[in-house]
Chemist: 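Sharing a structure here in structure tokens format.
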Amino acid sequence: MISATDFIPSQYTHSIEEGNFQWSAPSNIALVKYWGKKDNQIPANPSVSFTLNNCKTITKLAFAKKNTSTALNIKDDFSFDLLFEGQSKEDFKPKIQKFLERIEIYLPFLKDYHFTIDTENTFPHSSGIASSASGMAALAMNLMSLEKVLNPEMTDEYFYQKASLLARLGSGSACRSVKGQVVVWGNHANISGSSDLFGVEFPNAVHANLKNFQDTILLVDKGEKQVSSTVGHDLMHNHPFAERRFAQAHENLDQLISIFESGNLDEFIKIVESEALTLHAMMMTSMPYFILMKPNTLEIINAIWKFRNKTKIPVCFTLDAGANVHVLYPENVAEKVLQFIKNELVGYCQNGQYICDEIGNGAVLI
Ligand code: PMV
């Protein structure tokens, strides 16, 4: 089995003075949710997600070797500037500093360079769409591009596994934003190659019914979350239902393995909606308890159920750690579902805003 120490490099054979890379990485939407973790961003249960296509972060990483003759201790700390949409962004820096500290053991060259990280999102800032998954994945890809220059012999498999491992150390779910349309993260007995350390492409064939899935994200509440996901994960530690929930995630993933093969959309919908409500049920039953859904989240869920009952169109919802609703449906019903969204759901969105997305392939070097 692969262990984290396999990603600690020995000597590099090559060197580089300066340069830059640019990667885009998408967001992802979990079908079986990750909620609860152990030390070092190891998930308490396995999860699986659809990779998105349009909601992404584009990050340019410029690097220049530090001039060690100008200051003696210059190599003692990380050195980086952070730009968001071209403007200096001081308040993002502590998160990046922490990320660099966590991954230094895997990328021992980090203190040799000064970095300029220039990042932007394709989705509106403060839309309530977390940019941590796409953002951390895009940064991890860039850092791996640099490591590949220093070690050109590395295989593609190592490159992508390590990129995902690094992204995981930035933000757990970010490890599912690296490569593949359906990505599993976390050991699962019946998914070969699955690992707690990094995300892997779902290894089995996916039925045509579940390909090209659409995800329309209804922006219900764009405000700051009252409870961060870091705090939420932490509350699973003394949670009365935690162990049962972690076991249930394994079971639901087992069921999804069969569903991806059969293409049974009714069964798919049951698992996905149950997972979304279970995630929020965990929040409502932790101590302290909290609610991230808003009244309009429930209005939308009820409207989707009513529409599905009436039309038999296989459309369902899922939720992240927030009030926004992801509406999931196959491409061949897109026209009808979009009409339904425009007619009946837009009124529940803040400023009528929603984002049309679909399954994508992962990070791209630009
Ligand atoms: O990656 P984090 O720590 O922000 O956690 C995200 C957790 C959920 O989005 C709620 C579920 C998931 O699996 O993505």
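In each ligand, atom 1 is the first atom listed, and ligand 1 is the first ligand listed.
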Chemist: Under a 3.5 Å threshold, yes or no: a donor from one side chain and an acceptor from the other, between K60 and T116?
Modeler: no

Chemist: Go through ligand 1 atom by atom and flag the ones less than 4.0 Å from a non-hydrogen atom of D320.
Modeler: 9 (O)

Chemist: Could you name the option among K37, H280, M282, R176 that has the heavy atom nearest to atom 14 (O) of ligand 1?
Modeler: R176

Chemist: When the ring centroid of F213 is compared with that of F268, is the distance short of 6.0 Å?
Modeler: yes

Chemist: Are Y158 and F7 near enough that their ring centres are under 6.0 Å apart?
Modeler: yes

Chemist: Heavy-atom contacts under 4.0 Å between H233 and ligand 1: side chain, backbone, both, or neither?
Modeler: side chain

Chemist: Any N or O of W35 that comes nearer than 3.5 Å to an N or O of ligand 1?
Modeler: no

Chemist: Purely on distance, is any nitrogen or oxygen of N28 under 3.5 Å from one on ligand 1?
Modeler: no

Chemist: Is there a nitrogen or oxygen of S47 sitting under 3.5 Å from a nitrogen or oxygen of ligand 1?
Modeler: no

Chemist: For ligand 1, indicate whether the residue A321 contacts it via side chain, backbone, both or neither (heavy-atom separation under 4.0 Å).
Modeler: both

Chemist: For R176 and S47, test the side chains for any donor-to-acceptor distance below 3.5 angstrom and give the result as yes or no.
Modeler: yes

Chemist: Using a 4.0 Å heavy-atom cut-off, say whether A30 meets ligand 1 through its side chain, its backbone, both or neither.
Modeler: side chain

Chemist: Taking the six-membered ring for Trp, are Y34 and W185 closer than 6.0 Å centroid to centroid?
Modeler: yes

Chemist: Can a side-chain donor-acceptor contact be found between Q339 and E335 if the only test is distance below 3.5 angstrom?
Modeler: no

Chemist: With nothing but distance in play, are any N or O atoms of Y34 less than 3.5 Å from an N or O of ligand 1?
Modeler: yes

Chemist: Report yes if S229 has an N/O atom closer than 3.5 Å to an N/O atom of ligand 1; otherwise report no.
Modeler: yes

Chemist: Have a look at ligand 1 and work out which part of L279, if any, has a heavy atom under 4.0 Å from it: side chain, backbone, both or neither.
Modeler: side chain

Chemist: Give the ring-plane orientation class for H250 versus H188, where under 30° counts as parallel, over 60° as perpendicular and anything between as tilted.
Modeler: parallel

Chemist: Whether the W23 and T59 side chains hold a donor-acceptor pair (N or O, under 3.5 Å, no angle test) is what I'd like checked.
Modeler: no

